[in-house]
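For clarity, every value in this text was computed on a predicted model and none was experimentally measured.
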Protein chains: 2
Amino acid sequence: MTDGHESAPTGVRRTTRQRTAVSSALAEAGGFLSARDLHDRLAAQGERVGIATVYRTLASLASTGEVDVLLRDDGESVYRRCSSAHHHHLVCRECGRTEEVTGPTVEAWATAEAERHGFRDVRHTVEITGICATCTL
Amino acid sequence: MTDGHESAPTGVRRTTRQRTAVSSALAEAGGFLSARDLHDRLAAQGERVGIATVYRTLASLASTGEVDVLLRDDGESVYRRCSSAHHHHLVCRECGRTEEVTGPTVEAWATAEAERHGFRDVRHTVEITGICATCTL
DNA sequence: TCTGAACATGAGAATCAGTATCAACTAGCG
DNA sequence: CGCTAGTTGATACTGATTCTCATGTTCAGA
């Protein structure tokens, strides 16, 4: 549906100024950024990239696993360049600082639990939030 | 700051036709429903309740723990009458069916991991998705 | 290097969930 | 009954994300 335009890329991924800019701005940022944050950041650097392109690029990077996507409580999505290995996040509710954590235990538990209920093609997300040491001071 | 109206309820929770309707429609539904779904459902039953009221009631029920809130991938929130004990969800990506699962292991892991990083006042959410047995057929 | 067709871009419109506004309404106490 | 704080709802608004589509680019092949 909605074939309109936006055409169906047959599978070639081209390198453009915009994609490079988005990708490196995200890398420089380090932490989680919303699409708008990123757009503003690019603008501040003099890189003019349309917001629509930022969203498209981000979606593309996310689909290849180059960035992590987190859906915040307020419904806004935030992105971050991330190690590609499977992991979870520990997020500070105060300052937003994030740490990556891994948990073989959880992976196993999730899979086992899902199978016990007859589910297949299992995926899971785990988010742990708290107040980090710095913010506690 | 937005004191305008919407006043600050001093703590009394009144019983109204609308609140009862929302609450019972949610109970009848069984599964997860978005605010809009619920609104449509009520309309179908001839219960005229404003969408704003549905949102308000849902938020209120969520804050008292009477319903569970889930933020779907597309950013829409879905609600469901739920056991108040802490648990997680196993959701079918195909039909939306959900099962509640508990995992002492995960609870412990999350807490331990958070503390190891110096985080306090820890909370966590775990979502497991997959394709349920019925949809696999 | 030149070409062209597939891809990509962007400005702005469109969507859509959820929130704010505020006058009118009502539950429930006395 | 009468009063008043709590509620409601039509509607405007916000803010994120997607769609539209004419125009600009990339890059493989000649």
Asks: Ignoring backbone atoms, establish whether B/Thr53 has a side-chain N or O less than 4.0 Å from OP1 or OP2 of D/dG9.
Replies: yes
Asks: Which nucleotide wins on minimum distance to the side chain of B/Arg56, given the candidates D/dT11, D/dT8, C/dG10?
Replies: D/dT8
Asks: It should be established whether B/Thr16 places a side-chain nitrogen or oxygen under 4.0 Å from OP1 or OP2 of nucleotide D/dT8.
Replies: yes
Asks: Rounded to the nearest Å, what distance is computed from the CD1 atom of residue A/Ile51 to the P atom of nucleotide C/dA13?
Replies: 16 Å
Asks: Please tell me whether B/Arg72 and B/Ser77 have a donor and an acceptor in their side chains that are separated by less than 3.5 angstrom.
Replies: no
Asks: Let me know the distance between CZ of B/Arg48 and P of D/dT11, rounded to the nearest Å.
Replies: 12 Å
Asks: Taking only N and O in the side chain of A/Thr15, is any of them less than 4.0 Å away from OP1 or OP2 of D/dT26?
Replies: no
Asks: Heavy atoms only: give me the nearest A/Val49-A/Arg17 pair and the separation to one decimal.
Replies: CG2-NH1, 4.3 Å
Asks: Can you tell whether the side chains of B/Arg81 and B/Glu28 come within less than 4.0 Å, N to carboxylate O?
Replies: no
Asks: Please lay out, stage by stage, how B/Glu66 and B/Tyr79 fare under the test side chain to side chain contact (heavy atoms under 4.5 Å, CB included).
Replies: CA-CA 10 Å; B/Glu66 289 177 68; B/Tyr79 309 77; over 6 Å; no
Asks: Between A/Arg72 and D/dG15, is there a contact of a side-chain N or O with OP1 or OP2 at under 4.0 Å?
Replies: no
Asks: Can you check the A/Gln18 CD to D/dT25 P distance for me, whole Å?
Replies: 9 Å
Asks: Using whole Å, report how far CZ of B/Arg19 lies from P of C/dC25.
Replies: 18 Å
Asks: Does A/Arg14 make a side-chain donor-acceptor contact with the base of C/dA6, cut-off 3.5 Å?
Replies: yes
Asks: Atom NE2 of A/His39 and atom P of C/dG12: how far apart are they, to the nearest Å?
Replies: 12 Å
Asks: Roughly how far apart are A/Leu71 CG and A/Glu127 CD, rounded to 0.5 Å?
Replies: 9.5 Å
Asks: Are any of the side-chain nitrogens in B/Arg116 or A/Glu99 under 4.0 Å away from the carboxylate oxygens of its partner?
Replies: no
Asks: For atom CZ of A/Arg48, decide whether the heavy atoms of other residues, nucleotides or ligands shown that lie under 6.0 angstrom number more than 12.
Replies: no
Asks: Can you find a side chain N or O atom of A/Arg17 that sits less than 4.0 Å from OP1 or OP2 on C/dG10?
Replies: yes
Asks: Might you list the N or O atoms of the protein lying below 3.5 Å from N or O atoms in nucleotides 14-18 of chain C, with each pair's distance?
Replies:
residue	atom	partner	partner atom	Å
C/dA17	OP2	B/Arg36	NE	3.1
C/dG18	OP1	B/Ser77	N	2.9
C/dG18	OP1	B/Ser77	OG	3.2
C/dG18	OP2	B/Tyr55	OH	2.8

Asks: Between A/Leu58 (CG) and C/dA8 (P), how many Å, whole number?
Replies: 16 Å
Asks: May I have the distance from A/Asp74 (atom CG) to C/dT19 (atom C1'), rounded to whole angstrom?
Replies: 13 Å
